[in-house]
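Each chain gets a letter, A, B and so on, in the order its sequence line appears, and its residues count up from 1.
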Amino acid sequence: MNKDLHIHNSLKRTKEQFEPYNPPYVGLYVCGPTVYGEAHLGHARPAVTFDLLFRYLKHLGYKVRYVRNITDVGHLESDADEGEDKIAKKARLEKLEPMEIAEHYARSYHRNMDQMNVLRPGIEPRASGHIIEQQQMVKKILENGYAYERNGSVYFDVEKYNREHNYGKLSGRNIEELRANTRELEGQQEKKNPFDFALWKKAAPEHIMQWPSDWSSGFPGWHLECSAMSTRYLGHPFDIHGGGMDLVFPHHECEIAQSTAAKGQESVRYWMHNNMVTINGQKMGKSLHNFITLNQFFSGDHELLNKAFSPMTIRFFTLQAHYRSPLDFSSEALEAAEKGLEKLLKAGELIDRIKGGDQTDLDLGDVEEKFYQAMNDDLNTPILFAHLFDLVRYINSLDQGQARIRHEDIPRLRSLYDTFVYDILGIRRESKSDSSQLPGELIEMILQIRLEAKKNKDFETADKIRDRLRELGVIVKDTKDGYDWEVKR
RNA sequence: GGUCGCGUGGCCGAGGGGCUUAGGCACCGGUCUGCAAAACCGGUUACGGCGGUUCGAAUCCGCCCGCGACCUCCA
């Protein structure tokens, strides 16, 4: 098996060979959701992308520890009136405990991810459960002289850090540029520099979520949880840190600075970022009225959707684009993807009834090699699908007796298909609706009668039976010497 | 305004100096069929604009246009 996986490292802006720090173990950390609202496409893309990576790494034989956090402390809202915690605000508005909000949406997120066949990470740490680790990290950074305390809040001293290290190396920024581009700020006198960021923030008395600390009763800074929890569970350094491109700055930049300041060395060896999602070419946002939650996709209950789309269609569609390209959703594009997915799955079912011979028209070794090449090239799933659909055409031809395969190659074909479609891409056949519970023998019996009608040239009856069955969701396909049927819907 | 990225055929989406007319969907023609459906075979449509480098550019460079991400616990 070709294990020569190359991934794009955002830090180097280039593809490089992936070599674990401590093989065969691989540490993978991905920024998870802030649970204050329903999951939407912006959550689905990184989840599916890094699920693919997780699955592929495991397939390659690595022992992967996959950590994806749940942010339940809540980042402050960027445009909120009083810098209010997102979760706390929602809790106040709905008169619930903040933890009820977090719990509710965490469950909803899990449900959606399960529907899309996204494997659960091995560890899903919550920020609220790691306040102590975060405080320890603040202390360490203070000890090392890269932070300062003001009125109960602790800020990271970016200027000091930048004298010895390179602040901005991930996002391609430099400190002078940041100084020039920082907006006019009020009430920021606590900070030495406007680009300093909070490690610990003193909370106002009315702030719902706060914890005691050496500095004040408050809450951890925005970027701290990922630094603290990733190294807590994956060690230092660890292999891969993933997340959406929108998190590169400031979130991941600050993570690098924090880890380096606390431990003298960067924590992350490979940074991976998935690109963003647009809808009908526009960025997705609540204010633009094109904000679609996953549940709305699954139910079709949104003005931009012509119909409902299954979770697997969303997954397939996501994987049809490369993870580093922007992905544009539209009802039309999803309808096309739905058909492609159906074609792919149908071919998978046909493999079991293929008859072999003693000659073959396709070298499965070549196909397998192409599959691995595509995946090893920074998880190029669009290329993988192109090769898979070539294989689908071959399978269909085999089914129709228009191509040949050796007996002994059939199990190999089965396993090749299953490995890549089911195991690595995580695509699965979704359960059909209840209307499909028609007994097979009954359908067979009816179709036998229809076959007799056809023999008697009673096409009127034959067509009536076919039409009626279609209404029940049974698609009849005539073949040379009989018929074939499948349940639709 | 700054930094970074993108712009491919009717739609989605790979590739990335001459070979891939990637692949999916749609459309057209053919095979098969009583008719359909499915499948298979074949076909059509392309590299945002203008310059430059080169024997040769969709691919490299410059400019322009359009789109996107980010620009901080901060009103």
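Scanning atom types as modelled, no donor and acceptor separated by under 3.5 angstrom connect the side chain of A/Asn275 and the base of B/C6. One can find a donor-acceptor pair under 3.5 Å joining the base of B/C70 and the side-chain atoms of A/Arg173. Donor-acceptor pairing under 3.5 Å, judged by distance alone, is present between the side chain of A/Arg466 and the base of B/A36.
Set against B/A14, B/G34, B/C73, the side chain of A/Trp222 has B/C73 as its closest nucleotide. Here the nucleotide nearest the side chain of A/Ala386, chosen from B/A22, B/G34, B/C73, is B/A22.
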Can A/Glu225 and A/Thr71 be said to form a side chain to side chain donor-acceptor pair (under 3.5 Å), step by step?
CA-CA 8 Å; A/Glu225 62 176 276; A/Thr71 298; 2.9 Å; yes

Which is it for A/Tyr161 and A/Gln258 under the side chain to side chain donor-acceptor pair (under 3.5 Å) test, yes or no, and what are the steps along the way?
CA-CA 9 Å; A/Tyr161 173 85; A/Gln258 286 166 349; over 6 Å; no

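For the pair A/Lys201 and A/Phe219, the NZ or CZ position fails the cation-pi test of under 6.0 Å to the six-membered ring centre and within 45 degrees of the ring normal. Judged by the 6.0 Å and 45° rule, A/Lys477 forms no cation-pi pair with A/Tyr483.
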Report each atom pair, protein N/O against N/O of nucleotides 39-42 of chain B, whose distance is under 3.5 angstrom.
residue : atom : partner  : partner atom : Å
B/A39   : O3'  : A/Asn396 : ND2          : 3.1
B/A39   : O2'  : A/Gln400 : NE2          : 3.1
B/C40   : OP1  : A/Asn396 : ND2          : 3.1
B/C40   : O2'  : A/Gln402 : OE1          : 3.1
B/C41   : OP2  : A/Arg393 : NE           : 3.4

Each nucleotide N or O in nucleotides 8-13 of chain B that has a protein N or O under 3.5 Å away: list the pair and distance.
residue : atom : partner  : partner atom : Å
B/G13   : OP1  : A/Asp328 : N            : 3.2

Would you tabulate the nitrogen or oxygen pairs shorter than 3.5 Å linking the protein to nucleotides 17-20 of chain B?
none

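Between the CD atom of A/Glu176 and the C1' atom of B/C71 there is a distance of 15 Å, rounded to whole Å.
The gap from the C1' atom of B/C65 to that of B/G16 amounts to 23 Å, rounded to the nearest Å. The separation of B/U53 from B/A57, taken at their C1' atoms, amounts to 10 Å, rounded to a whole angstrom.
In this structure, A/Phe329 has its ring center closer than 6.0 angstrom to the ring center of A/Phe317.
Here the side chains of A/Trp215 and A/Gln135 are in contact, with some heavy-atom distance below 4.5 Å.
Stem list for RNA chain B (at least 3 consecutive Watson-Crick or G-U pairs, distances under 3.5 Å): B:1-7 with B:65-71, B:10-12 with B:23-25, B:27-31 with B:39-43, B:48-52 with B:60-64.
With sequence neighbours excluded, the residues that form a salt bridge (Lys or Arg N to Asp or Glu O under 4.0 Å) with A/Asp390 are A/Arg393.
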Please set out all donor-acceptor pairs under 3.5 angstrom arising from side-chain atoms of residues 420-428 of chain A, sequence neighbours excluded.
residue  : atom : partner  : partner atom : Å
A/Arg428 : NH1  : A/Asn117 : OD1          : 3.0
A/Arg428 : NH2  : A/Asp114 : O            : 2.8
A/Arg428 : NH2  : A/Gln115 : O            : 3.3

